[in-house]
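So you know, we letter chains A, B, ... as the sequences are listed, proteins then strands, and number each from 1.
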Protein chains: 2
Amino acid sequence: MPDEVFDQVLSGVVDGELAPGEALPSERRLAEVLGVSRPAVREALQRMAQTRLLDVRHGGATTVRDFRRHAGLDLLPRLLVRGGTLVPDVARSILEARLAVGPAVAALAAERGGPTLAAALTETLDALAATDDDVERQLHALAFWDQVVDAADSMVFRLMFNSLRAAYEPALDALAPLMAAEVGQVDAYRLLTSALGSGDPETARAAADRVLRPATTQLLSALERLEEAP
Amino acid sequence: MPDEVFDQVLSGVVDGELAPGEALPSERRLAEVLGVSRPAVREALQRMAQTRLLDVRHGGATTVRDFRRHAGLDLLPRLLVRGGTLVPDVARSILEARLAVGPAVAALAAERGGPTLAAALTETLDALAATDDDVERQLHALAFWDQVVDAADSMVFRLMFNSLRAAYEPALDALAPLMAAEVGQVDAYRLLTSALGSGDPETARAAADRVLRPATTQLLSALERLEEAP
DNA sequence: GGGGACAACTGGTCTGACCTCTTGACCTCT
DNA sequence: AGAGGTCAAGAGGTCAGACCAGTTGTCCCC
């Protein structure tokens with residue numbers, strides 16, 4: 001029950017029906033209107049407040065905050081799909097971020113990975129190469145990057161990766177065909193693996209770029225066409 | 001009251017007292033042990049579940065998840081300070097991420113900013129140059145990057161920035177002296193501004209690097225010394 | 001020994017009451 | 001008439017207790 005209330009209020013906020021600064025009805029009133037108990041709406045509002053989408057003050061009114069200014073990366077999944085369909089603008093920004101961050105992570109991983117990293121990655125790649133299923137390949141690629149992020153030994157990049165994966169995984173089935181080209185380039189991945197094993201950050205950065213860029217530019221132009229003629 | 005429970009459970013999880021996979025006591029028992037009502041612990045656990053730190057199943061036990069694998073970037077503030085002091089490892093990763101992402105954002109902003117961007121940034125820089133207070137300068141620098149991120153027109157980078165700022169702002173007073181060197185380089189910021197106005201992404205990327213790198217390398221070596229001899 | 005029913009958990013939800021704090025209107029004093 | 005304080009209405013915060021709805025493990029019967 002609280003989940004439904006949370007969803008409704010969240011939709012109101014991200015869709016702009018509830019403008020920043022606007023005051024929400026009182027918890028009791030909301031409970032009455034939505035036909036649920038007050039604890040249910042209270043829990044929903046508290047969760048909204050935790051994600052910095054609402055400002056709830058004891059004794060005063062609960063007001064809407066500007067999510068564009070305060071929301072964290074964990075909101076991404078809710079912004080990526082709106083009304084059941086992908087939002088091209090947000091998808092584009094994910095691709096851009098991936099292309100910017102991936103090589104940087106690879107560079108750090110090359111510095112810190114050690115010899116065991118390449119071995120583990122090779123194993124993952126072998127599993128990837130062994131299947132023809134797009135979704136399964138996608139999962140192996142995800143595991144590959146998971147290991148790279150681990151090797152980079154960076155809490156921030158680790159949390160970023162988790163947040164991005166949380167946005168990606170729910171739509172994995174739909175996205176797998178689009179990403180099939182990238183994940184099919186096993187050669188590029190093998191080059192990246194040996195670059196990571198070599199310990200040279202710049203080589204690894206370039207190799208990661210070579211893995212990510214083709215699909216990125218391809219999908220970006222696809223998104224552009226989509227935005228022009230939906 | 002729920003906040004305190006949330007804090008306690010969260011501390012247990014991030015400090016490792018509650019291992020991943022471990023089952024929590026039932027809500028009723030927790031309420032009894034902690035001396036609070038069940039709604040209070042329920043709200044706390046639900047908020048933990050929302051941040052993917054717990055797995056709560058109807059009818060079954062509530063178990064601890066591996067936050068390193070599932071937590072999002074919004075957890076960063078809680079990981080940056082542990083027991084009242086900065087965690088060097090996490091601080092290092094923030095600096096690294098900043099150095100990697102900042103120039104990428106600047107490149108996008110240069111492509112999309114338009115002529116109004118440089119004018120707005122110049123105004124912010126004038127305000128920065130006009131004050132001698134470290135904290136105030138820090139806030140102006142934050143506003144500067146806020147405008148750059150806006151110009152980059154990327155939802156992912158916007159949310160990343162929000163999350164990083166949420167980790168940074170609470171410790172701003174303590175961090176301002178450390179960052180004073182960077183924020184004092186008004187010339188480098190002015191160069192970045194004109195690069196952003198020129199519309200050339202690579203020039204902007206290089207200029208952003210020149211702004212961020214000096215303080216980054218300086219602080220990184222300071223952190224290294226700190227970790228060797230705490 | 002295997003399979004199904006039941007009982008003892010778990011979390012999920014609601015009602016209704018009481019507390020504390022904010023807010024704004026109203027009244028008083030200047 | 002305006003500035004100040006007072007107070008009541010209404011906001012969120014918390015609790016107790018009850019009941020619903022799933023899961024799980026045991027125990028009994030076949």
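A 3.5 Å limit on both hydrogen-bonding distances identifies dG2(D) as the Watson-Crick or G-U partner of dC29(C).
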query: side chain to side chain contact (heavy atoms under 4.5 Å, CB included) between Thr63(A) and Leu54(A): does it pass, once the steps are laid out?
result: CA-CA 6 Å; Thr63(A) 56; Leu54(A) 290 182; over 6 Å; no
Working for salt bridge (charged side-chain N to carboxylate O under 4.0 Å, His left out), residues Glu32(A) and Arg38(A): CA-CA 8 Å; Glu32(A) 192 181 343; Arg38(A) 179 147 93 101; over 6 Å; no
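Summary of the strand contacts: Pro39(A) and Arg29(B) both lie near DNA chain C, and taking for each the nucleotide with the nearest heavy atom, the more 5' one is attributed to Arg29(B). In this structure, Gly59(B) and Leu45(A) both approach DNA chain D, and ranking their closest nucleotides by distance from the 5' end singles out Leu45(A). Each of Gly60(A) and Ala40(A) was assigned the nucleotide of DNA chain C with the nearest heavy atom; the assignment lying further toward the 5' end belongs to Ala40(A).
Contact annotation: Ser26(A) side-chain N/O to dG10(D) OP1/OP2 distance is not under 4.0 Å. For the pair Gln46(B) and dG12(C), the criterion of a side-chain N or O lying under 4.0 Å from OP1 or OP2 is met. In terms of phosphate contacts, Thr62(A) brings a side-chain nitrogen or oxygen within less than 4.0 Å of OP1 or OP2 of dG12(D). When the side-chain nitrogen and oxygen atoms of Arg42(A) are compared with OP1 and OP2 of dG13(D), one or more of them lie within a distance under 4.0 Å.
Contacts of Arg57(B) with the nucleic acid, taken as non-hydrogen atoms under 4.0 Å apart, involve only primed sugar atoms and P, OP1 or OP2. When heavy atoms are screened at a 4.0 angstrom cut-off, Glu43(A) is found touching no nucleic acid atom at all. Across all strands shown, Pro2(A) has heavy atoms under 4.0 Å from sugar-phosphate atoms exclusively, and none from any base.
A donor-acceptor pair under 3.5 Å is formed between the side chain of Thr124(A) and the backbone N or O of Ala120(A).
Contact annotation: side chain of His58(B) to base of dG22(D), donor-acceptor pair absent below 3.5 Å. Evaluation of atom-type donor-acceptor distances gives a pair under 3.5 Å for the side chain of Arg38(A) against the base of dG13(D).
Going from atom CE of Met48(B) over to atom OG1 of Thr62(B) covers 10.5 Å, rounded to the nearest 0.5 Å. Atom CG of residue Leu196(B) and atom CG of residue Leu108(B) lie 11.0 Å apart, to the nearest 0.5 angstrom.
We find that CG of Asp55(A) is positioned 12 Å from C1' of dG12(D), with the value rounded to whole Å. For Glu32(B) and dC9(C), the CD to P distance is 14 Å, given to the nearest whole Å. The interatomic distance linking Leu34(A) (CG) with dC14(C) (P) rounds to 11 Å, in whole Å. Computed from coordinates, the Leu24(B) CG to dG11(C) P distance equals 9 Å when rounded to whole Å. One atom, CG of Leu54(A), and another, P of dG12(D), lie 11 Å apart when rounded to the nearest Å. Atom-to-atom, CZ of Arg28(B) to C1' of dG17(D) comes out at 11 Å; the value is rounded to the nearest Å. As a whole-Å value, the separation of Phe6(B) CZ from dG13(D) C1' is 18 Å. Counting to the nearest Å, the C1' atom of dA21(D) and the CD atom of Glu27(B) are 14 Å from each other.
Side-chain proximity of Val56(A) to the nucleotides dG11(C), dG13(D), dT13(C) is greatest for dG13(D).
By the 6.0 Å contact criterion, CD on Glu169(A) is enclosed, its count of non-hydrogen atoms from other residues, nucleotides or ligands being greater than 12.
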